[in-house]
A.B. asks: 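Dumping the structure here so I can ask a few things about it.
Here is how names work: the chains are called A, B, and so on, in the same order as the sequence lines, proteins then strands, and each is numbered from 1. Atom set for the values below is all heavy atoms of this structure, side chains included, hydrogens, waters and symmetry mates excluded.
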2 protein chains.
Amino acid sequence: MRATRRGQGGVTVQDVARAAGVSAMTVSRVVNGGHNVRESTRLAVAEAIERLQYKPNPAARSLAVGEATQIGLLYANPSAAYLSQFLIGALAAARRAGCHLVLEPCEGESADEQAESTRQFAGADVQGVILPPPLCESEPVRTELAAAGIPSVAVAMGRHEAGTYNVRIDDFEAAAAMTRHLIDLGHRDIAFIRGHPNQVASAERYRGFVHAVEAAGLDPKAMRVEPGYFTYRSGLAATERLLRQSPRPTAIFAANDDMAAAAVGVAHRQGLHIPRDISIVGFDDVALATNVWPELTTVRQPIAQMAETAVAMLLARLRKRGGDAGEGEELVVPHELIVRESTAPPPKAGGAR
Amino acid sequence: MRATRRGQGGVTVQDVARAAGVSAMTVSRVVNGGHNVRESTRLAVAEAIERLQYKPNPAARSLAVGEATQIGLLYANPSAAYLSQFLIGALAAARRAGCHLVLEPCEGESADEQAESTRQFAGADVQGVILPPPLCESEPVRTELAAAGIPSVAVAMGRHEAGTYNVRIDDFEAAAAMTRHLIDLGHRDIAFIRGHPNQVASAERYRGFVHAVEAAGLDPKAMRVEPGYFTYRSGLAATERLLRQSPRPTAIFAANDDMAAAAVGVAHRQGLHIPRDISIVGFDDVALATNVWPELTTVRQPIAQMAETAVAMLLARLRKRGGDAGEGEELVVPHELIVRESTAPPPKAGGAR
DNA sequence: GTTCTGGATGTTAGCGATAACCTAGAGCCC
DNA sequence: GGGCTCTAGGTTATCGCTAACATCCAGAAC
């Protein structure tokens, strides 16, 4: 641990090599998957690493391999809760790989603005991009990325498309499970508030809802469906329309938590008790879901884990080839139904007349 | 742009040096502040950099300088909106400096859990830590950090303490400004919902409120004050207590947006129109503030910028010395009063009787 | 026995940037 | 004019790690 110009006397491969009686190269091999290393040697090295508390220096590694060092993340106002979870996961994966995350906000809705934000990446030198929703389905973004030859991996793009890389949950199945939960509680009149019409996930969630309704022997046409845009405001409007009607539905299934939170607000304002008078459920399990009273029954997406997986997938893809599209790849991660306090059996028949 | 083993044919200092007819060292000097470089040379190099679109390789830089490569961020559930903003800023600064951000959640409230989370950092090799609220005021965290000899910079720690490093806004002045806004609108009966009693910022905001009230010639004792904990739930309870009373206040100043949002919910439920019947204001300007109807008048903290500044301050501190405490440093960044739709003049006298 | 094969290791040479040191002049003093 | 200081700039030697190639040796193949 000689005093070089650098302050911290970190443990290096050399130190480990000496301690284990092998060469630095062998240590390096053990650290990275380690092919062509005899078992006994591997153990000796592993022991030395453990004893010396060796941690590879990521800067040196990425310098040596000359690999991707910056990967982009183009975000456009998913809810803050979603973004922070997403960042936590993405960061963990990026750090492990020794590469930096370059964030780029993409405020505008217009194609021009989206293309412009995307172009930023071509200038900064990011070697790949991950796209959380809703940008993963934006045509301008994808076109621009393709034009610049920057590979990307989408997260939560509703449905698989050939040649694309995607990490998602099974929106269809999750929505169906939620619907079954309501039906099992006894609800027969369930209203559905849809998500943004441009996002495939919206359609998938609706499909799942319809499927579960039919599977229970009910008529999907009898269920009221309101349009929505995944925003609090749109949830407000949709719920107002729903609760104006009589008889009112005994349950509302909003395609995301923001709209569900809005539904809770409107119901409260109309003097309804949740879940006694009406059940309300959401989708996503963002923090908002527990910041509302009562806490929402919802579907949890493992957002951080999905982001982590997406980064890993992107890096693997970059490692493999120079950037040609490859064949695409899709990974479906498990979701979870979270039952909280916003659901209960419907009021006794006739209660809402 | 020879084909080395690395795929990307990046521009290096050497390329720039050749193009400008100088040595690599000179280019490096120009890039980093550049002392001892003649003006004409500097310009030539700058021109070459621009022309070749040179971007220094952060990995190589941090390897060469042997500086901090990992800085920690210990977070404990500030609102998701706060965290995501914070991360955006911190990430930008970290990337510029070529160092990685290591996130560590600190869930527990107990001293043990907090100390344990902090200890994680000693193991991973982070060279410094930044502490967003509320952890910046946690005694166990600070003790543990000191024991491990890891320098830290706090963000939004309410008040300066000798020997500590801190980036914050002027909570006192901001709260006073908000209070003046309400008084200027004509409010004379303003209720205040306090923040978490353990955080200095809560006290500062309250002090600011009292100060402005007195400055306007009103009696602070006449203003109702409710305890709160910065949570949505505590805001709910506080507002219910306030609105049960008669006459009810014409305005409610909640010490953060989460509680203000709760206040809006309760007021709505009681059939009050905001801002016609009652004005409600918050503090922080997190996304929640615009996810509620009407959008909240609040105080904006430049969260991302504060995080960025904190990281820069930490790095400067690490660069300077090995880690001894130094003398502490404090930076107060400007806040901004954001007037939206949740404030208006009070109802005509007697309206609330 | 000789050649070949292939797995396990060591050696060398960078990756891109900068710290530390060195050099050549310019300006200045006595 | 010799010695000195100061400045602008170049040289060299790493930082820690890993590709690429070289080496060595056991066993297989002939």
A.B. asks: Once you apply a heavy-atom cut-off of 4.0 Å, does A/Thr41 come out as touching a base, just sugar-phosphate, or nothing?
C.D. replies: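 Result for A/Thr41 = sugar-phosphate.
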
A.B. asks: If every non-hydrogen atom of A/Ala44 is compared with every non-hydrogen atom of A/Ala20, which pair is closest and at what distance?
C.D. replies: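 For A/Ala44 and A/Ala20, the tightest heavy-atom pair comes out as O-CB, 4.1 Å.
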
A.B. asks: Taking the side chain from B/Arg42 and the backbone from B/Arg29, do they hold a donor-acceptor pair closer than 3.5 Å?
C.D. replies: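 No, B/Arg42 side chain to B/Arg29 backbone: no donor-acceptor pair under 3.5 Å.
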
A.B. asks: Relative to the 5' end of DNA chain D, which residue comes earlier, B/His35 or B/Ala60, by the nucleotide with the nearest heavy atom?
C.D. replies: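 The answer here is B/His35.
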
A.B. asks: Taking all non-hydrogen atoms of both residues into account, name the closest pair between B/Glu137 and B/Ala156 and its distance.
C.D. replies: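 The answer is OE2-O, 4.4 Å.
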
A.B. asks: Separation of A/Arg38 atom CZ from C/dT9 atom C1', in whole Å?
C.D. replies: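 Going from CZ in A/Arg38 over to C1' in C/dT9 covers 9 Å.
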
A.B. asks: Output the rounded distance in Å from CD (A/Gln14) to C1' (D/dC15).
C.D. replies: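 Result: 12 Å.
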
A.B. asks: Side chain of B/Asn57 only, heavy atoms from C-beta on: which candidate in D/dG16, C/dA8, C/dG16 is closest?
C.D. replies: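 Among D/dG16, C/dA8, C/dG16, the one nearest the side chain of B/Asn57 is C/dG16.
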
A.B. asks: Which whole-number value in Å describes the distance from B/Arg42 CZ to D/dA8 P?
C.D. replies: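 After rounding, the gap between these two atoms is 10 Å.
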
A.B. asks: By nearest atom, which of the nucleotides C/dG16, C/dT9, D/dA8 is closest to the B/Asn36 side chain?
C.D. replies: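 Of the candidates, D/dA8 comes closest.
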
A.B. asks: Is there a donor-acceptor contact under 3.5 Å from the side chain of B/Ser138 to the main chain of B/Pro134?
C.D. replies: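 A pair under 3.5 Å: no.
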
A.B. asks: Between C/dT9 atom P and A/Leu43 atom CG, what is the distance in whole Å?
C.D. replies: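 Those two atoms, CG and P, are 12 Å apart.
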
A.B. asks: Specify the separation, in whole Å, of atom NZ of A/Lys55 and atom P of D/dC17.
C.D. replies: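 Atom-to-atom, A/Lys55 to D/dC17, this comes out as 12 Å.
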
A.B. asks: Output the rounded distance in Å from OH (B/Tyr54) to P (C/dA17).
C.D. replies: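 Roughly 3 Å, once rounded to whole Å.
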
A.B. asks: Roughly, in whole Å, what's the span from CG in A/Leu63 to P in C/dA13?
C.D. replies: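 After rounding, the reported distance stands at 18 Å.
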
A.B. asks: Test B/Leu145 against B/Leu131 for side chain to side chain contact (heavy atoms under 4.5 Å, CB included), laying out the working first.
C.D. replies: CA-CA 11 Å; B/Leu145 241 27; B/Leu131 298 173; 4.1 Å; yes

A.B. asks: Write down the atom of B/Phe121, the atom of B/Leu74, and the distance for their closest heavy-atom approach.
C.D. replies: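 Closest approach of B/Phe121 to B/Leu74, heavy atoms only: CE1-CD1, 3.7 Å.
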
A.B. asks: Would you say A/Ser28's side chain and A/Ala24's backbone share a donor-acceptor pair under 3.5 angstrom?
C.D. replies: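 It does not hold such a pair.
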
A.B. asks: For the pair made of CZ in A/Arg18 and P in D/dG16, what is the distance, rounded to whole Å?
C.D. replies: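 The answer, rounded to whole Å, is 11 Å.
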
A.B. asks: Can you tell which of C/dT9, D/dA19, C/dT18 lies closest to the side chain of B/Arg61?
C.D. replies: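 When the side chain of B/Arg61 is considered, C/dT18 is the closest of C/dT9, D/dA19, C/dT18.
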
A.B. asks: Pull out every residue in residues 22-32 of chain A that has a heavy atom closer than 4.0 Å to any atom of DNA chain C, ordered by number, or say none.
C.D. replies: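 Contacting residues: A/Val22, A/Ser23, A/Met25, A/Thr26, A/Arg29.
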
